[in-house]
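Only one structure is covered here, and it is reproduced in the block below.
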Protein chains: 2
Amino acid sequence: MTETTIQMTGTLEPRDSWTADACPMAHALDVVRNRSAFLVLREAFYGATRFEEFAARTGLSEPVTATRLRELTGAGLLEREPYQEPGQRTRRLYRLTEKGSDLLPAIVALMQWGDKWVLPGGARVEVRHHDCGAAVRAELRCEHGHAVGRDELELARR
Amino acid sequence: MTETTIQMTGTLEPRDSWTADACPMAHALDVVRNRSAFLVLREAFYGATRFEEFAARTGLSEPVTATRLRELTGAGLLEREPYQEPGQRTRRLYRLTEKGSDLLPAIVALMQWGDKWVLPGGARVEVRHHDCGAAVRAELRCEHGHAVGRDELELARR
DNA sequence: CCGTATCCACAACGATACTG
DNA sequence: CAGTATCGTTGTGGATACGG
């Protein structure tokens, strides 16, 4: 098993390139390909479960909402669960799977980037730790517990 | 200043919805709208600086590469810097700005999600802490230093 | 209430050819 | 080497109307 290690500040030789099918981020973007998929997932994180909730809160049209829900369900990020309240007809609700909720760090990271760099008036959303109320951030940290800055990264492929 | 607090597990009333222009994540996705923009940024993180490097390593066509570089430069995520080696003609290179490199947590989060959920053979990319060699992960952590799990989140808008 | 079917407009992207 | 111009194909998404 060969392994190449590259410092972030360095440059790569062409032979170090990877094609699209070897890049995990490209694969992630193949599943959550478009803006509307992110919006649907955002609302799932916020607790939306029913079709109309997704359509209304994302601002997407119903056809687009239906397509994204179908795709995300097919990709295993959402699951469709039939449930029945006594005396009511059957309903279906969409819930995040573990695969779907595992995207939360990416979504929070995008949110905080938008807060910082795009929205003029500062943060319009806050994510807080339920236990202590402190603000939550997506950050890079190594397994030894060190916070990792941009200049302290090393990239390795194998 | 009104503020609503929602537990992740709960549901939102329709009036709690925000429109697209109030969502920081949607704004982030307006800037990094498409897959190719992420790929270009990925290569910038990996150290690419020249036009041909971006085109070759992302696998994008030259016109698309040129468009993305122009857009990302215009949005302030990359900066174009002319430089001149003695005796050579002027070249231009693209470098990440702070705004651009601030997207690193989101990119690493997408990479590790792809590693875990999409790629069959396990991780094909590793990000490590240069100081200690330990693997780096994008994770949610509150300002008191607690690691924050999926069920310990509270969302607040104001 | 929960979607689907159809249609249309525009954005994204690759291929090819060409310029400073 | 570093792009631009043009073209054709596919993807994305809204509008409208309709069905279970």
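Just so it is clear: chains get the letters A, B, ... in the order the sequence lines come, proteins before strands, and each one is counted from 1. Since the model is a prediction, treat every value here as computed from it, not as a measurement.
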Could you give the side-chain donor-acceptor pairs of residues 74-81 of chain B under 3.5 Å, partners two or more places apart or in another chain?
{"unit_1": "B:Arg80", "atom_1": "NH1", "unit_2": "B:Tyr94", "atom_2": "OH", "d": "3.1"}
{"unit_1": "B:Glu81", "atom_1": "OE1", "unit_2": "B:Arg95", "atom_2": "NE", "d": "3.1"}
{"unit_1": "B:Glu81", "atom_1": "OE1", "unit_2": "B:Arg95", "atom_2": "NH2", "d": "2.8"}

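- Residues A:Leu110 and B:Leu103 are in side-chain contact: their nearest non-hydrogen atoms beyond the backbone lie under 4.5 Å apart.
- A salt bridge links A:Arg141 with A:Glu139; the closest basic N to acidic carboxylate O contact falls under 4.0 Å.
- Between the side chain of A:Glu152 and the main chain of B:Asp131, no donor-acceptor pair closer than 3.5 Å is present.
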Under 4.0 Å protein heavy-atom contacts per nucleotide of nucleotides 10-15 of chain C, with B for base, S for backbone only and - for none:
--SSBB
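- Taking 4.0 angstrom as the limit, B:Arg70 places a side-chain polar atom (N or O) nearer than this to OP1 or OP2 of D:dT4.
- Between B:Ser36 and B:Arg68, the shortest heavy-atom distance links the atoms OG-NH1, 2.9 Å.
- If you take CD of A:Glu52 and P of C:dC1, they are 5 Å apart, rounded to a whole angstrom.
- Looking at heavy-atom distances under 4.0 Å, A:Glu62 makes contact with a base.
- Nucleotides D:dA17 and C:dC2 have their P atoms positioned 22 Å apart, rounded to a whole Å.
- With A:Gln112 contributing its side chain and A:Ala138 its backbone, the two residues share a donor-acceptor pair below 3.5 Å.
- Secondary-structure stems of DNA chain D, taken as three or more successive Watson-Crick or G-U wobble pairs (i with j, i+1 with j-1) under a 3.5 Å distance threshold, comprise C:3-20 with D:1-18.
- Put simply, the side chain of B:Arg35 gets close to the backbone of A:Ala26: a donor and an acceptor are under 3.5 Å apart.
- Summarising the geometry, the separation between CG on A:Leu69 and C1' on C:dT4 is reported as 13 Å, rounded to the nearest angstrom.
- The aromatic rings of B:Trp117 and B:Trp113 sit tilted, their planes meeting at an angle between 30° and 60°.
- When heavy atoms are screened at a 4.0 angstrom cut-off, A:Phe54 is found touching no nucleic acid atom at all.
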